[in-house]
Structure formats: C-alpha cells, structure tokens
Amino acid sequence: SAYEDWKPYFSQCSAMDELAMGKCGENAYWLIEDGTLTVYGTGDMESFYYEVDRFGPWYAHKDKFTKVIIEEGITNLSDYALARLDQITSVSLPSTLTSIAWCAFEGCAQLEGLAIPESVKNVGAYAFDGCDKLVEVENNIGYVGTWAVCATDQSLSSYTLRDNTTGIAGRVFYANETMTTFEFPEGVKYISMEGVGCKNLKSITLPTTIEQIAYVAFGGCSNLSEVICMSPTPPALEYAAFWTINEDATLRVPNASVYESWRPWFKTIIGENVIQGKCGDNLNWVIKDGTLVISGTGKMYDYYPDAPEDRH
C-alpha cells in the first residue's frame, strides 16, 4: 500500500504480478527474482525481533523462492532473518559475514549443506533450531560445519567436542545443571553470547586458540570459581563476558601481567611467574621474584584468619 504511487510506472508490465523488493538495513536491500531471495548492500541487516510474528519482509513472498543469496558486503544475518522459511533448500553466505543472530534460521526444515564462513565470530542462540536436515549430531552435540550449535541432552555431566570445533553457539549448554567442569579443546576460537551459562559449573579450561568471548558468554555461571586460560595472548572480551561468576574467582594464565584487563572479573590472577590479586577497593597485591608488593590507596580487606597471599 505504501507504494501505490508506483503503479503507473509498472502498468505495462503484464508478466510481473508483484514487485518483491525492499530495504532491510541502513544500507542493505532485498530482492526476489527467478526463485531466489538476494540480500545485498553493505553493513548490518536490521533485526526482526520486534516485528509482528518476527518474520523478515520476504516471508510474505516465501512461495516465490527456494534459494537465498546473501551477497558480499553484508556483515550480519539478523534475529529471525530467515526464520520459518521451511521451503528454502540452499543459502549462500558471504565472507564479510561476522555474526549469525538469534533464531536466524529457526524452522528452515528443508535446508541442507550450509557453509558458515570463517569470518563468523558469533552464532546466536537457537540459530538453527528446527533445521533437522542441516544439523549433524555426534556424541549429543549438534553441529553446523565446525560450530557446535546445540546439546541434544542437557542432563549430562560431560561432553566431548569434535576435534575440528571452532565455535560455540549461544546457549549450547545453557540449561545444563549437572556439568561442573569443562575443557574447551584446542581449535575453539569463539564462544558466543550466553554460550555456556551452567549454574553449577565450577571450573573451565580455555585453549591456546581462543580468540573471542562474547557478551555474557558465561552469564549465569554463579559457581564458576576457576578459569584456566592457556592462551599467552588474552582473547577479546565483550562486555560482561563473565557476568555473575563467583566473586572470589581465580584466573590461571601463562602471564598474569598481560591479563590485567580481566581483573574486574577475577579476585586473583595467577601466572607462570607472577601471582596477583585484589586486597582492597583500590588496592592490589602481587608476588614476583620472591617479593610480595601491595600497592594502591585506601584500606585493605580484613582477612582474618588467613589472607589470600598466605597460600603462596
């Protein structure tokens, strides 16, 4: 209805019964032609989370296409972007894509053989929910390519990921209340938003390959008291990555000094040659080369009967 004034320009196009095209981001656009939905332009797609029924604008034309092409230049596949398109059989994603959002492919029951580009660093929760022909299950973990996207049984106390796993999608272990320890295997680079969230998890080990930990990736892990990170270079942390973990949590790393930016989440940071921690609102302590140094301003915490540095 918003395009009624366009009618005179297409009055002679007798073979074209409907113009299916539009805008889906600040610089992103879509077009349906010859059985294919093409999204093109640059930058992010807009979110469809708050749309009525949470469908993209192309959903009303779903009977006109079975193939989807997201062209180079598009940087994210937004919330519910392709949700409920149960007729599509193939989707092509660009090398510029960095994020696949919440429920992006939810309900794409006929979709097979999707290749997630190496450029993708975050896959949202339930992104592939209902994609039974696409998700491959092995040892109670569902995969799309090298991404672990779901745990088919949330009651287990341990899981073994494939050797080639590079990413953990959102909420893979979110509902698990049994697991207390978990070691991410070498090769894992990315842990997505709300990727873990196990409330009884106490200890995790991050591999040398870890590159990015997303927003509230470990949110809800209120008993997480030990994080062992094997990487000599700190991975990128998005805001609130370790939100709500145990307030007395310890971080163990190869070099404590380069992990100083992680201090807001960890009371104690232990490195190969340096042990350090917090001992007051504005006070820090460090043990290096046989010497305990306390620095900062203000009052120390009361540690009766034992202080943390007594353990070292």
Side-chain angles (χ1 to χ4, degrees), residues 44-51 53-56 70 75-86 91 93 97-109 111 114 116-117 119-138 140-156 159 161-162 165-179 182 184 188-201 204 210-222 224 236-245:
D44 287 353
M45 294 171 59
E46 64 180 319
S47 172
F48 302 109
Y49 184 85
Y50 297 103
E51 297 296 322
D53 294 325
R54 295 178 176 172
F55 296 137
I70 311 297
T75 53
N76 89 315
L77 199 62
S78 61
D79 302 299
Y80 294 89
L82 303 177
R84 316 290 174 84
L85 297 179
D86 53 8
V91 175
L93 300 176
L97 198 71
T98 61
S99 177
I100 296 174
W102 180 293
C103 294
F105 291 93
E106 184 264 327
C108 294
L111 182 60
L114 180 73
I116 299 178
S119 55
V120 171
K121 298 181 178 180
N122 186 80
V123 173
Y126 316 121
F128 299 99
D129 203 21
C131 299
D132 295 341
K133 288 188 176 182
L134 178 64
V135 177
E136 183 179 354
V137 178
E138 183 178 318
N140 298 294
I141 299 292
Y143 297 89
V144 175
T146 61
W147 278 81
V149 299
C150 64
T152 57
D153 187 345
Q154 293 282 348
S155 67
L156 302 180
Y159 299 86
L161 297 179
R162 282 178 176 172
T165 304
T166 60
I168 310 298
R171 296 199 171 186
V172 170
F173 302 113
Y174 198 76
N176 186 289
E177 297 183 0
T178 307
M179 188 163 58
F182 191 77
F184 293 90
V188 171
K189 297 179 179 180
Y190 312 113
I191 301 175
S192 301
M193 184 177 75
E194 298 181 332
V196 183
C198 312
K199 70 177 184 179
N200 289 317
L201 192 65
I204 62 165
I210 192 72
E211 294 182 9
Q212 179 172 297
I213 301 174
Y215 172 71
V216 295
F218 293 97
C221 297
S222 55
L224 184 59
L237 285 189
E238 292 189 356
Y239 176 72
F242 291 100
W243 182 58
T244 71
I245 68 169

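In this text, all values refer to a predicted model and were calculated from it rather than measured experimentally.
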Answer whether the closest heavy-atom distance between the side chains of [X] and [Y] falls below 4.5 Å.
X    : Y    : result
D79  : F48  : no
V196 : C221 : yes
M179 : L156 : no
F128 : W147 : no

Worksheet item: Relative to each other, are the rings of F184 and F218 parallel, tilted or perpendicular (30° and 60° limits)?
Response: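 It falls in the perpendicular class, over 60°.
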Hey, is the main chain of [Y] close enough, under 3.5 Å, to the side chain of [X] for a donor-acceptor pair?
X    : Y    : result
S119 : L97  : yes
N140 : Y159 : no
T98  : K121 : no
S47  : S78  : no
T166 : K189 : no
N176 : Q154 : yes
D129 : C103 : no
N200 : E177 : yes

Any chance you could measure [X], atom [atom1], to [Y], atom [atom2], to the nearest 0.5 Å?
X    : Y    : atom1 : atom2 : answer
L82  : L77  : CG    : CG    : 5.0 Å
I213 : N122 : CD1   : CG    : 12.5 Å
D44  : N76  : CG    : CG    : 4.0 Å
W102 : R171 : CH2   : CZ    : 4.0 Å
W243 : E238 : CH2   : CD    : 15.5 Å

Item to complete: Considering only NZ, NE, NH1 and NH2 on the basic side and carboxylate oxygens on the acidic side, decide whether E136 and R162 come within less than 4.0 Å.
Response: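 Yes, this pair counts.
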Give the minimum heavy-atom separation between [X] and [Y], together with the two atoms involved.
X    : Y    : answer
Y143 : E138 : CE1-O, 4.0 Å
I141 : A148 : CG2-CB, 3.8 Å
V135 : G142 : CG1-CA, 3.7 Å
A214 : S192 : CB-C, 3.5 Å
V188 : I168 : CG1-CG1, 4.3 Å
L114 : V144 : O-CG1, 4.3 Å

Practice prompt. Have a look at I116 and tell me which of T146, I100, V149 forms a side-chain contact (heavy atoms from CB on, under 4.5 Å) with it.
Written response: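 Only one of T146, I100, V149 forms a side-chain contact (heavy atoms from CB on, under 4.5 Å) with I116, namely I100.
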Worksheet item: Does atom OH of Y215 have more than 12 heavy-atom neighbours, drawn from other residues, nucleotides or ligands, at distances under 6.0 Å?
Response: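 At most 12 heavy atoms, drawn from other residues, nucleotides or ligands, come within 6.0 Å of this atom.
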Discussion item. Between Y126 and E106, is the side-chain contact (heavy atoms from CB on, under 4.5 Å) condition met? List the steps.
Written reply: CA-CA 7 Å; Y126 316 121; E106 184 264 327; 5.7 Å; no
